[in-house]
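Position 1 is the first residue of the sequence, and the numbers go up from there.
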Amino acid sequence: MVESWLTEQWAARDGRIWAGSRVLGARPGTEADTETWRRDGSPTEWAGVDPYQPPPQGSPQSPSQASSRNPSQSPSQGSSRNPSRGSSQGREGALSASPGKGVLKAVTGRAAFSMAGRDMTFEQIQELSADPAALKKQISAMVRGVPGGSGGSPGLDDDSGGLDAGVVADALSGLLWSKPSSPEVRAAAYRALAELPNVRYLGTATDERGRKGAAFSFTVPASSTALLPVPPPIRRTLIIDVVSSRVLSSTDTGGPGTEEEDEVEVVLEAGWTDDEPAPPALP
């Protein structure tokens with residue numbers, strides 16, 4: 001089964017954060033699942049394990065698939081709104097085809113923004129260089145000491161195409177859609193990404209909403225687990241609107257304990273707003 005949800009993150013310039021979420025409902029994930037679901041009488045509620053999903057091999061965790069809505073760019077006035085629409089394939093817990101109630105909570109104990117696991121303020125993001133080479137140098141210094149980052153693996157550097165380049169690419173790509181970076185810094189991030197050895201241009205692609213854009217991919221380190229202390233890297237693919245230069249979607253393929261299941265985030269909106277934080281409405 002694929003369960004869809006909508007999540008939102010709101011972040012004010014002074015560091016306050018709110019997180020909103022709303023389950024949109026579950027549905028069969030494949031054509032074969034749909035046929036089985038119809039033969040079962042088209043149920044609208046499922047309790048316990050997913051009746052149409054076999055246990056994943058080699059991992060106690062269930063595979064996941066997500067799409068996301070992520071507004072948090074273009075500095076202006078007000079707070080940054082960061083909604084995320086998603087879906088997942090789960091085996092445990094009750095599922096329903098009906099949408100749930102929207103929830104909004106204030107988030108405490110963490111920074112509004114982060115890069116490679118390091119907290120960042122709005123002011124620090126605004127201070128990033130708009131020069132591609134200087135920006136890459138800043139980002140490389142920030143991820144130094146991060147597992148897989150610059151200095152994290154002997155013999156690797158951010159020009160090697162190894163794990164270091166993946167961490168740098170991951171941090172740079174965050175400036176394109178999940179940070180309130182200026183247009184000049186986003187342009188520099190695009191150019192810096194193009195210079196990394198593990199970034200590949202894939203041509204024109206279409207996201208899950210049917211929007212066309214330019215696609216490129218790069219590898220990023222995966223988090224280790226007890227079963228996989230040295231997991232294979234994840235391949236992340238971004239689709240970019242060539243007119244607005246906005247990220248349309250981000251897809252992660254691979255990862256610990258998976259068999260190439262994709263996790264997809266579809267960006268529906270990104271920007272600053274003067275609206276007050278509120279629970280997510282149905283799309």
Using 0.5 Å steps for rounding, measure from the CD atom of Gln138 to the CG atom of Asp131. 9.0 Å
All side-chain hydrogen bond (donor to acceptor under 3.5 Å, both in side chains) counterparts of Ser96, not counting sequence neighbours: Glu45
Given side chain to side chain contact (heavy atoms under 4.5 Å, CB included), test Lys179 with Arg186 step by step and report yes or no. CA-CA 10 Å; Lys179 309 288 188 300; Arg186 288 201 300 273; over 6 Å; no
Might you work through the side chain to side chain contact (heavy atoms under 4.5 Å, CB included) test for Leu135 and Leu172, ending with a clear yes or no? CA-CA 9 Å; Leu135 179 63; Leu172 285 169; 4.0 Å; yes
If you take all heavy atoms of Val220 and Gly166, which pair is closest and at what distance? CG1-O, 3.6 Å
Kindly give the cluster partners of Tyr201, where membership spreads through any ILVMFWY side chain lying under 4.5 Å from a current member. none
Counting C-beta onward and ignoring hydrogens, is there a side-chain heavy-atom pair between Val168 and Leu196 closer than 4.5 Å? yes
Has Arg22 got a side-chain atom pairing as donor or acceptor with Lys101's backbone, closer than 3.5 angstrom? no
Quick check on the hydrophobic clustering: are Val185 and Ile125 connected, directly or via other members, by side-chain heavy-atom contacts under 4.5 Å? yes
In plain terms, say whether Asp241 and Arg246 are close enough for a salt bridge, that is, a side-chain N and a carboxylate O under 4.0 Å apart. no
Residues Ala26 and Leu95: closest non-hydrogen pair is CB-CB, 4.1 Å
With a 3.5 Å distance limit and no angle check, can you tell me whether Glu195 reaches the backbone of Ala192 through a side-chain donor-acceptor pair? no
If you measure from CG on Leu176 to OG on Ser181, what distance do you get to the nearest 0.5 Å? 7.0 Å
Distance-only donor-acceptor check, side chains Ser217 and Arg235, under 3.5 Å: yes
Please name the pair of heavy atoms, one in Trp37 and one in Pro43, separated by the smallest distance, quoted to 0.1 Å. NE1-O, 2.8 Å
Can you find a side-chain donor-acceptor pair between Trp10 and Glu8 that sits under 3.5 Å? yes
Check: Lys136 and Ile139 side chains under 4.5 Å, non-hydrogen atoms: no
May I ask you to test the Gln124-Met115 pair for a side-chain heavy-atom distance under 4.5 Å? no
I'd like to check Leu238 versus Ser173 (side-chain heavy atoms, cut-off strictly below 4.5 Å). Are they in contact? yes
Work out which heavy atom in Ala11 is nearest to a heavy atom in Trp272; give both atom names and the distance. O-CZ3, 3.7 Å
Determine whether Ile17 and Gln9 make a side-chain contact, defined as any pair of heavy atoms from C-beta on separated by less than 4.5 Å. yes
Linking I/L/V/M/F/W/Y whenever any side-chain heavy atoms sit under 4.5 Å apart, do Ile234 and Phe218 land together? yes
Going by an N to O cut-off under 4.0 Å, is there a salt bridge joining Arg16 and Asp14? yes
Do you reckon Val23 sits in the same ILVMFWY cluster as Leu268, going by side-chain contacts under 4.5 Å, direct or chained? no
As an exercise, state the distance from OG1 of Thr219 to CZ of Arg200, rounded to the nearest 0.5 Å. 8.5 Å
Least distance between heavy atoms, Pro280 atom then Leu6 atom: CB-CD2, 3.5 Å
Can you hop from Phe113 to Val267 via hydrophobic side chains spaced under 4.5 Å? yes
When rounded to the nearest 0.5 angstrom, what distance separates CD in Glu265 from CG in Asp252? 7.0 Å
Are Ser250 and Arg236 packed together at the side-chain level, in the sense that at least one heavy-atom pair is separated by less than 4.5 angstrom? yes
Evaluate the side chain to side chain contact (heavy atoms under 4.5 Å, CB included) criterion for residues Leu24 and Leu282: first the C-alpha distance (whole Å), next the side-chain angles of each, then the deciding distance (0.1 Å), finally the verdict. CA-CA 8 Å; Leu24 299 179; Leu282 290 175; 3.8 Å; yes
May I ask you to list the residues sharing a hydrophobic cluster with Val242, side-chain cutoff 4.5 Å, ordered by chain and number? Val243
Can you tell if the side chain of Thr206 reaches within under 4.5 Å of the side chain of Arg211, non-hydrogen atoms only? no
Reported OG1-to-CZ distance for the pair Thr34 and Arg27, which is rounded to 0.5 angstrom: 8.0 Å
Using the side chain to side chain contact (heavy atoms under 4.5 Å, CB included) rule, take Phe216 and Leu193 through it: C-alpha gap first, then chi angles, then the decisive distance, then the call. CA-CA 10 Å; Phe216 66 89; Leu193 276 167; 4.1 Å; yes
Looking at Glu123, I'd like to know if its CD atom is crowded, meaning that more than 12 non-hydrogen atoms belonging to other residues, nucleotides or ligands lie closer than 6.0 Å. yes
Taking the ring of Trp177 and the ring of Tyr190, is the distance between their centroids below 6.0 Å? no
Nearest heavy-atom approach of Ala188 to Ser129 is CB-O, 4.2 Å
Using only heavy-atom distances, determine whether the side chains of Thr30 and Asp33 contain a donor-acceptor pair under 3.5 Å. yes
